[in-house]
Amino acid sequence: MKPENEAAVQFPSLSANEAFARQLAAAFAAQMDPTLEELGDLKTAVSEAVTNAIVHAYPDSIGPVSLRLRRLPGNVLEITVKDRGRGIPDVAKAREPMFTTGGAERSGMGFTIMESFMNSFSLRSAPGKGTMVRMRKKLTGRGEGSCKP
Amino acid sequence: MQYTSLLQDKRLTILLSGEIDHHAARETMEAITAKIDVYLPRRCVLDFGGVSFMDSSGIAIVIHTLRAMEELEGELWLANIPPQPMKVLRAAGIEKLVRLGAERSPA
Ligand SMILES: Nc1ncnc2c1ncn2[C@@H]1O[C@H](COP(=O)(O)OP(=O)(O)O)[C@@H](O)[C@H]1O
Ligand SMILES: [Mg+2]
């Protein structure tokens with residue numbers, strides 16, 4: 001599917017970039033005229049995905065995290081978050097509510113929230129190579145306003 | 001993140017504000033635990049009125065605070081929760097564990 005607009009950034013896995021990433025997603029989505037609730041959902045999903053890359057992908061080091069935003073036909077926003085960290089050995093297990101390897105500071109609800117706040121969600125991971133999360137959400141918008149070059 | 005707290009009749013209210021994410025979580029958790037350890041309240045109220053964003057890191061904070069209050073045989077209430085944090089808390093089924101109060105509509 002050819003995007004009508006897109007943006008991509010890469011940043012190091014520093015926790016200060018959690019806020020940066022969700023604000024960037026919100027700024028990109030603004031042109032799609034989301035409702036306040038949709039904007040909250042997007043920011044939450046981005047925060048979860050990027051936090052996972054920061055906390056779990058590189059537990060003892062700093063590594064690259066990439067965020068790509070694409071506006072697809074039908075006012076659909078696609079968010080892709082990728083890292084080149086340690087990967088997930090059992091993806092089905094990781095997606096279960098309350099499952100966490102992060103101890104008392106984590107809730108194990110990140111994937112559950114991404115899945116329920118977005119319309120589609122896919123997770124791919126290879127141990128030792130990295131993880132990719134791709135999510136899409138159709139925004140209500142006003143229908144018109146496709147981007148003109 | 002700033003924390004103001006009020007103590008009245010063994011009831012400790014902690015006002016949370018700003019964005020609660022992983023970046024802010026440890027500090028918030030420590031600040032809450034420190035106040036509970038000092039005041040030994042019978043009831044702790046976390047007031048979310050000033051929270052502009054919260055992700056699942058906030059769930060861990062709530063559960064951690066709940067454990068601390070259970071140790072004192074006290075109770076935890078959550079108050080003034082704006083819609084976005086409320087949606088995150090509900091996604092985790094927190095309403096089954098703790099009493100939740102939605103944001104007061106402005107008078
Ligand atoms: N990008 C990632 N790289 C490596 N492991 C991950 C990644 N994302 C998630 N995980 C694993 O999946 C588990 C569940 O993630 P999540 O549902 O977000 O809960 P939490 O972050 O609270 O642990 C994590 O505890 C971790 O073991
Ligand atoms: Mg997570």
Side-chain angles (χ1 to χ4, degrees), chain A residues 11-26 34-59 65 81 94-118 121, chain B residues 1-2 17-34 36 46 48 50-71 76 78 81-98 100 102-103 105-106:
Chain A
F11 46 83
S13 58
L14 302 169
S15 65
N17 285 327
E18 293 158 10
F20 166 70
R22 60 180 182 263
Q23 278 150 19
L24 193 76
T35 64
L36 208 56
E37 182 174 5
E38 287 166 345
L39 205 56
D41 292 351
L42 296 174
K43 286 169 72 179
T44 313
V46 169
S47 202
E48 297 298 344
V50 168
T51 299
N52 280 354
I54 290 170
V55 177
H56 305 298
Y58 309 104
V65 180
V81 176
R95 285 173 73 156
E96 284 173 12
M98 319 275 275
F99 175 83
T100 181
T101 55
E105 265 182 45
R106 309 299 318 151
S107 65
M109 293 304 293
F111 286 134
T112 306
I113 286 174
M114 289 182 246
E115 287 191 66
S116 67
F117 285 24
M118 300 292 283
F121 170 88
Chain B
M1 178 68 58
Q2 268 189 304
S17 67
E19 305 206 326
I20 301 179
D21 61 6
H22 155 72
H23 184 64
R26 182 182 298 231
E27 187 198 315
T28 306
M29 228 181 240
E30 282 168 4
I32 293 170
T33 316
I36 290 175
L46 294 181
F48 284 76
V51 174
S52 51
F53 174 82
M54 188 187 94
D55 67 15
S56 71
S57 311
I59 298 167
I61 292 173
V62 169
I63 290 175
H64 189 83
T65 309
L66 180 64
R67 299 283 169 264
M69 287 309 297
E70 280 172 352
E71 253 173 56
L76 173 66
L78 309 184
I81 310 169
Q84 188 274 331
M86 182 64 103
K87 198 166 170 180
V88 171
L89 290 166
R90 284 196 188 284
I94 292 288
E95 71 273 16
K96 288 175 215 128
L97 304 174
V98 189
L100 304 189
E103 201 167 41
S105 48

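Just so we're on the same page: letters track the sequence lines, and every chain starts at 1.
- Going from atom NE2 of His64(B) over to atom CD of Glu105(A) covers 9.0 Å, rounded to the nearest 0.5 Å.
- For the atom pair NE2 of His23(B) and OG of Ser47(A), the computed distance is 11.5 Å after rounding to the nearest 0.5 Å.
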> Are Lys87(B) and Asp41(A) close enough, and set up right, to give a side chain to side chain contact (heavy atoms under 4.5 Å, CB included), and what steps lead you there?
Replying inline: CA-CA 9 Å; Lys87(B) 198 166 170 180; Asp41(A) 292 351; 2.9 Å; yes

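- Across Met109(A), Glu48(A), Met98(A), the residue that shares the most heavy-atom pairs under 4.5 angstrom with chain B is Glu48(A).
- Per-residue heavy-atom pair counts under 4.5 Å with chain A were compared for Ala60(B), Ser56(B), Ala25(B), and the maximum is reached by Ser56(B).
- Looking at Asn17(A), neither its backbone nor its side chain comes within 4.5 Å of chain B, counting heavy atoms on both sides.
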>> Does Arg22(A) form a side chain to side chain contact (heavy atoms under 4.5 Å, CB included) with Asp21(B)? I'd like the steps, not just the answer.
In response: CA-CA 11 Å; Arg22(A) 60 180 182 263; Asp21(B) 61 6; 2.9 Å; yes

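- With a 4.5 angstrom heavy-atom cutoff, Ala45(A) does not touch chain B via any of its atoms.
- With a 4.5 Å cut-off on non-hydrogen atoms, Thr51(A) touches chain B through its side chain but not through its backbone.
- Heavy atoms only, all atoms of each residue included: Glu19(B) and Ala19(A) are closest at OE1-CB, 4.1 Å.
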